[in-house]
Peer 1: 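Pasting in a structure now, in structure tokens, and then I'll have a few things to ask.
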There are 2 protein chains.
Amino acid sequence: MANKIADLNRYIAKKGLKVTRQREAVAEVFFAEKGHISAEELYMKVAKSHPGIGLTTVYRTLKLLTEAGLAKERRFGEPQGVYEKEDEDRHHDHLICTRCGKIVEFKEPSIEEMQEDVARRYGFVVTDHKMELYGLCRTCSTA
Amino acid sequence: MANKIADLNRYIAKKGLKVTRQREAVAEVFFAEKGHISAEELYMKVAKSHPGIGLTTVYRTLKLLTEAGLAKERRFGEPQGVYEKEDEDRHHDHLICTRCGKIVEFKEPSIEEMQEDVARRYGFVVTDHKMELYGLCRTCSTA
DNA sequence: TATAAAATGACAACGGTTATCATTTTCAGG
DNA sequence: CCTGAAAATGATAACCGTTGTCATTTTATA
Ligand SMILES: [Mn+2]
Ligand SMILES: [Mn+2]
Ligand SMILES: [Zn+2]
Ligand SMILES: [Zn+2]
């Protein structure tokens with residue numbers, strides 16, 4: 001994901017910030033992730049290849065990535081936030097199993113349209129939304 | 001509101017717990033609320049008529065009310081949780097203005113049906129869901 | 001009224017995140 | 001390449017909403 005790193009560096013330049021080894025290290029590990037990862041977990045993974053990088057820096061980098069539109073913070077009912085890669089056309093919502101923690105991502109344009117309708121009806125302009133369905137996955141409900 | 005208190009007392013009896021002045025005081029103020037209120041705010045309001053009641057007890061009572069199905073905790077992107085009255089047929093979702101904080105409640109059965117569809121498609125049995133639309137209210141978007 | 005169980009209030013502790021600050025690093029200009 | 005101003009880092013303390021602890025009080029049952 002060299003292009004992702006390039007996107008980050010472009011954002012950094014645009015904002016007059018600076019490229020650092022730490023930012024690249026954190027971003028690289030983050031972009032290599034598939035699912036949702038907490039700051040603490042990311043910190044641990046980064047530490048393997050780059051010991052010495054502080055948890056604070058991981059938090060700061062995640063915030064930077066979020067501002068740059070490359071990461072998104074999620075909150076699935078737990079106090080600890082998790083992050084995932086963000087991309088204009090990667091928007092999705094989540095199904096969360098409250099028993100085993102399994103998370104399924106889905107996209108449902110027809111629901112999104114209806115959300116727009118509802119918002120319009122109340123005079124709102126929607127900029128973001130959150131939809132989470134909590135329940136039991138197949139494995140957990142048949143056990 | 002007397003019936004709400006009665007509901008609470010019924011739940012308390014069923015669980016072998018005890019009716020106390022504090023619980024009644026907190027519940028009364030809570031049930032008299034219209035919108036969403038934080039534990040801290042509720043604590044302040046309760047203090048006016050019943051000084052001496054601790055914040056801890058307010059938290060405990062809110063948890064009790066939630067277990068009894070009479071209150072529901074909400075989180076609108078801020079660290080501080082807020083509570084609102086709960087009722088089987090009072091389910092609704094929220095439109096939140098990110099500028100002025102205005103919150104509009106709405107109910108959209110067709111969306112709820114589609115949520116069920118999506119869940120079924122992935123083998124999930126939904127027990128709860130969260131849908132929040134963030135954006136600008138009419139006042140804020142035309143200013 | 002005696003008794004066991006539960007609730008209370010004061011306070012400490014928790015956990016995830018952010019602020020502070022001395023030190024180090026980056027990078028534009030010379 | 002240097003130099004210097006601006007920004008970033010890491011260690012640590014602080015923050016803040018919430019929950020745990022525990023001695024004391026209150027409730028409800030018999
Ligand atoms: Mn996701
Ligand atoms: Mn509501
Ligand atoms: Zn499951
Ligand atoms: Zn507004």
Side-chain angles (χ1 to χ4, degrees), chain A residues 5 8-30 36-68 71-83, chain B residues 5 8-30 36-47 49-68 71-84:
Chain A
I5 296 286
L8 174 59
N9 289 342
R10 207 168 303 125
Y11 180 81
I12 285 174
K14 190 176 64 180
K15 291 285 179 180
L17 306 180
K18 296 177 176 175
V19 174
T20 67
R21 310 162 191 293
Q22 290 92 334
R23 277 177 179 163
E24 280 204 12
V26 174
E28 235 164 63
V29 177
F30 175 73
H36 307 87
I37 190 171
S38 69
E40 186 75 30
E41 288 166 342
L42 182 54
Y43 166 65
M44 303 282 241
K45 289 206 178 182
V46 170
K48 288 177 188 167
S49 49
H50 295 75
I53 292 186
L55 176 58
T56 312
T57 293
V58 172
Y59 270 107
R60 286 191 282 230
T61 304
L62 283 169
K63 184 189 280 185
L64 182 68
L65 288 167
T66 302
E67 288 164 7
K72 186 160 175 65
E73 188 183 4
R74 299 281 188 179
R75 225 111 207 181
F76 299 129
E78 280 166 47
Q80 194 169 196
V82 291
Y83 294 80
Chain B
I5 296 286
L8 174 58
N9 289 341
R10 206 168 304 126
Y11 180 81
I12 285 174
K14 189 176 64 182
K15 290 287 179 179
L17 306 179
K18 298 179 176 174
V19 175
T20 68
R21 309 161 191 295
Q22 291 92 334
R23 277 176 179 164
E24 278 204 13
V26 174
E28 236 165 62
V29 177
F30 175 72
H36 307 87
I37 190 170
S38 70
E40 186 76 29
E41 287 166 341
L42 182 54
Y43 167 64
M44 304 282 240
K45 289 206 176 181
V46 169
S49 48
H50 295 76
I53 291 185
L55 175 58
T56 312
T57 294
V58 172
Y59 271 107
R60 286 192 281 230
T61 304
L62 283 169
K63 183 189 280 185
L64 182 67
L65 288 167
T66 302
E67 286 164 7
K72 188 161 174 63
E73 187 182 4
R74 300 281 189 179
R75 253 146 221 278
F76 297 129
E78 281 166 45
Q80 193 168 196
V82 292
Y83 293 80
E84 67 180 346

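By convention in this document, chain letters (A, B, ...) are assigned in the order of the sequence lines, proteins followed by strands, and residues within each chain are numbered from 1.
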Peer 1: On DNA chain C, does the nearest nucleotide to B:K15 precede the nearest nucleotide to B:T57 from the 5' side, or the other way round? Give the residue.
Peer 2: B:K15
Peer 1: Between atom NZ in A:K14 and atom P in C:dC27, what is the gap in whole Å?
Peer 2: 18 Å
Peer 1: Do B:L64 and B:I12 come within less than 4.5 Å of each other through their side chains, counting heavy atoms only?
Peer 2: yes
Peer 1: Determine, stepwise, if the pair A:E73 / A:V82 fulfils side-chain contact (heavy atoms from CB on, under 4.5 Å).
Peer 2: CA-CA 6 Å; A:E73 188 183 4; A:V82 291; over 6 Å; no
Peer 1: Roughly how bent is the helix from C:dT1-D:dA30 to C:dG30-D:dC1 end to end, in steps of 10 degrees, with each end axis from five pairs?
Peer 2: 30°
Peer 1: Quick one, B:V26 and B:R60 - any side-chain contact, counting heavy atoms below 4.5 Å?
Peer 2: no
Peer 1: Is there a side-chain contact between B:T61 and B:Q22 in this structure, where contact means two heavy atoms from C-beta onward sitting under 4.5 Å apart?
Peer 2: no
Peer 1: Are side-chain heavy atoms of B:K72 and B:R74 found at a separation under 4.5 Å?
Peer 2: yes
Peer 1: For nucleotides 22-30 of chain D, give me one character per nucleotide, 5' to 3': B if any protein heavy atom sits under 4.0 Å from the base, S if the only such contacts are to the sugar-phosphate, - if neither.
Peer 2: -----BS--
Peer 1: Round to the nearest Å and state the distance from B:L42 atom CG to D:dG17 atom C1'.
Peer 2: 15 Å
Peer 1: In whole angstrom, what separates A:Y83's OH from C:dT17's P?
Peer 2: 6 Å
Peer 1: Would you tell me if any nitrogen or oxygen in the side chain of A:Y59 comes within less than 4.0 Å of OP1 or OP2 on C:dT17?
Peer 2: yes
Peer 1: Less than 4.5 Å apart, any side-chain heavy atom of B:I37 and any of B:F30?
Peer 2: yes
Peer 1: Within the side chain of A:R21, is there an N or O that forms a donor-acceptor pair under 3.5 Å with the backbone of A:A25?
Peer 2: no
Peer 1: How long is the line joining CD of A:Q80 and P of C:dT18, in whole Å?
Peer 2: 12 Å
Peer 1: Taking B:I53's backbone N and O only, do any of them form a donor-acceptor pair with B:T57's side chain (distance below 3.5 Å, no angle check)?
Peer 2: no
